[in-house]
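Beneath this line is the structure, given in structure tokens, with notes to follow.
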Amino acid sequence: MEIKLEVLTSTCIKQRKPWPQITWLGQEKEAVFLLDDKSINEINLLSGRTKKIPQLHPLLKNVVVLTTSRNGAWLAGIVKTGELFLWNKDQDTIKTVSAAEECKKVVLAAQDCSMRLYLYVSGDGNKVLLTTPTASIFLWESEECKSTPSKGCVMGQWSQIIPDASVVLPSVEEKETSVSVDFIQNEMLGDCCLCCFAFYSQEHLMLTLLEIKWQENGLKIACSFPFLIHWTQRTCSLSSLAPHCKPIKSRGALLTAFSNDGLVLAIGVNQKDLQATQILFMSTANFIAVSGSLKGCGSKKHKIQSKFIRSYWIADMSWTHDSFFLACMLKRGSLILMTCLGELLTLVTYGCSVEFGPAEFIPLHPLITYSSLLFLIMAFPAEQMTFSSCKYKLFKPLLGSIMYF
């Protein structure tokens with residue numbers, strides 16, 4: 001199958017700092033933002049210039065982690081004291097939530113040991129989930145009116161989700177642990193939150209799944225708990241995969257992403273043998289999985305120096321709005337599209353003088369590597385050195401970013 005992609009704009013981000021994520025914010029007054037765990041800037045796609053958000057500037061000084069809702073309505077963040085804040089761009093309102101005592105302890109402990117925190121917010125801004133890689137999970141639910149965004153401090157309830165003793169959870173040493181969470185609301189799954197912890201245990205890929213399900217209004221009255229919790233453990237032998245995979249205990253070795261409807265979980269398995277790198281597509285209903293090969297991640301050579309292998313890995317994954325295709329960006333800057341059955345699509349790009357394909361790997365943002373020749377360039381006149389520096393800045397901020405709409 002061939003997919004044609006039109007390039008609407010191509011710009012150079014006028015900043016030296018690399019940004020791992022590009023995201024849309026706003027539904028009525030939408031704009032494009034550059035985002036990382038602790039800062040956010042708005043970017044003008046025509047000029048490439050960025051600007052800070054004055055309303056958020058006081059909060060960003062002490063922020064620990066930032067995130068956006070999948071529909072782009074909300075920006076959420078946790079500050080060093082454990083307090084939560086929510087910013088609605090359309091209404092330009094900020095509401096803050098006091099931290100629960102246990103939640104505050106986890107946030108402070110994570111800062112002491114440099115542990116990453118994962119934060120997720122629902123599309124209506126009324127539910128927030130905070131977790132660590134070791135499954136210390138806290139859920140916040142708003143107790144105010146859901147129709148209009150409020151200002152100031154809002155009322156809500158924090159709940160700690162305690163894992164079942166029967167499930168295996170990742171430890172601090174499992175550097176490859178991937179965490180994925182999504183709030184779902186549809187006819188198939190109802191109103192729920194899905195959470196997945198993916199990690200290796202000896203020669204097995206471990207998937208620990210959590211489902212938080214809210215009851216309909218009529219059933220809430222009869223139920224003493226506001227939601228139901230269900231834990232599931234799935235184990236996949238690496239030797240059963242084709243080609244066979246090996247456990248790699250390093251950051252970025254595993255990636256996970258739920259489809260927009262919550263029915264499929266994509267699991268990116270990066271390998272030192274690029275021919276074995278693959279993506280598993282697992283049904284969240286019956287846990288049947290199919291594998292999609294990345295055909296060597298676009299490498300034309302079978303033998304690659306070990307220092308370059310990670311540059312071919314999957315850097316990020318994102319589902320299209322209809323959940324038909326999975327878009328992946330490799331660390332070398334290549335874009336690929338796969339069906340949920342693991343088939344690579346042929347891509348063609350046109351517009352803004354960005355014409356590639358037909359090919360399965362489209363080098364939208366090629367990786368520029370350093371070598372000793374860089375010092376030879378610096379010996380030439382200043383205008384040549386400036387050209388080389390700008391060329392590097394053009395691509396580095398965009399590596400590993402996916403923005404799909």
Side-chain angles (χ1 to χ4, degrees), residues 1-6 8 21-25 27 30 67-74 118 120-124 127 129 178-198 205 207 209-214 230 232 234 236 254-269 277-294 314-330 334-349 360-362 364 400-405:
M1 182 186 297
E2 184 176 287
I3 300 291
K4 293 185 177 180
L5 303 174
E6 181 181 4
L8 301 179
Q21 186 177 355
I22 303 174
T23 184
W24 292 94
L25 269 176
Q27 295 178 310
E30 64 180 8
T67 191
T68 61
S69 60
R70 177 173 287 204
N71 62 0
W74 294 92
Y118 296 87
Y120 302 88
V121 57
S122 63
D124 58 10
K127 301 184 184 75
L129 188 138
S178 174
V179 181
S180 185
V181 176
D182 204 0
F183 290 91
I184 308 293
Q185 193 167 14
N186 56 36
E187 294 181 358
M188 291 288 293
L189 299 177
D191 186 6
C192 68
C193 176
L194 301 177
C195 180
C196 174
F197 298 87
L205 170 62
L207 298 172
L209 300 166
L210 165 66
E211 181 185 24
I212 305 172
K213 192 174 183 63
W214 285 269
H230 179 65
T232 308
R234 285 294 177 268
C236 176
L254 292 173
L255 297 93
T256 53
F258 285 104
S259 60
N260 291 326
D261 54 15
L263 299 179
V264 179
L265 174 66
I267 308 154
V269 183
T277 295
Q278 55 194 279
I279 298 178
L280 304 178
F281 296 88
M282 187 186 74
S283 168
T284 57
N286 53 25
F287 302 106
I288 295 176
V290 296
S291 174
S293 172
L294 266 63
I314 308 167
D316 200 4
M317 306 189 303
S318 179
W319 288 88
T320 56
H321 185 265
D322 52 16
S323 298
F324 285 167
F325 306 119
L326 180 73
C328 301
M329 184 68 76
L330 307 187
S334 295
L335 170 70
I336 64 173
L337 279 181
M338 296 190 81
T339 68
C340 57
L341 295 178
E343 177 188 359
L344 275 173
L345 301 177
T346 301
L347 305 178
V348 177
T349 64
E360 293 175 335
F361 296 83
I362 299 296
L364 288 182
S401 299
I402 292 181
M403 179 172 60
Y404 221 98
F405 54 93

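Since the structure is predicted, the reported quantities are computational estimates derived from the model, not experimental observations. Computed from heavy atoms alone, side chains included, the values below leave out hydrogens, waters and symmetry copies.
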Inset, instruction - Apply side-chain contact (heavy atoms from CB on, under 4.5 Å) to the pair Leu263 and Leu189, showing each step before the final yes or no. - result: CA-CA 8 Å; Leu263 299 179; Leu189 299 177; 4.2 Å; yes
Nearest 0.5 angstrom please: [X] [atom1] to [Y] [atom2], how far?
| X | Y | atom1 | atom2 | answer |
| --- | --- | --- | --- | --- |
| Cys340 | Leu326 | SG | CG | 9.5 Å |
| Ser69 | Asp182 | OG | CG | 10.5 Å |
| Leu25 | Asn71 | CG | CG | 9.5 Å |

Under the side-chain hydrogen bond (donor to acceptor under 3.5 Å, both in side chains) rule, collect the residues that match up with [X], sequence neighbours excluded.
| X | result |
| --- | --- |
| Thr284 | none |
| Ser323 | none |
| Ser180 | none |
| Ser122 | Asp124 |

Inset, instruction - Say whether, by atom type as modelled, one donor and one acceptor occur between the side chain of Lys127 and the main chain of Cys192 under 3.5 angstrom. - result: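 Looks like no, no N/O pair under 3.5 Å.
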Legend entry - Donor-acceptor pair, side chain of Asp191 and main chain of Trp214, under 3.5 angstrom: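 Not confirmed, Asp191 side chain does not pair with Trp214 backbone.
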Legend entry - Chi angles and distances behind the side-chain contact (heavy atoms from CB on, under 4.5 Å) call for Leu335, Leu5: CA-CA 11 Å; Leu335 170 70; Leu5 303 174; 3.9 Å; yes
Tell me every residue that passes side chain to side chain contact (heavy atoms under 4.5 Å, CB included) with [X], counting only those two or more places apart in sequence or in another chain.
| X | answer |
| --- | --- |
| Val264 | Ser259, Phe281, Trp319 |
| Glu343 | Thr339 |
| Thr232 | Leu209, His230, Arg234, Phe287 |
| Cys195 | Val181, Phe197, Leu210 |

State, with a plain yes or no, whether a side-chain heavy atom of [X] is found less than 4.5 Å away from one of [Y].
| X | Y | answer |
| --- | --- | --- |
| Met338 | Ile279 | yes |
| Leu294 | Ile314 | yes |
| Leu205 | Leu280 | yes |

Inset, instruction - Not counting sequence neighbours, which residues clear salt bridge (Lys or Arg N to Asp or Glu O under 4.0 Å) with Glu360? List them please. - result: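 With neighbours one apart ignored, the set is Lys295.
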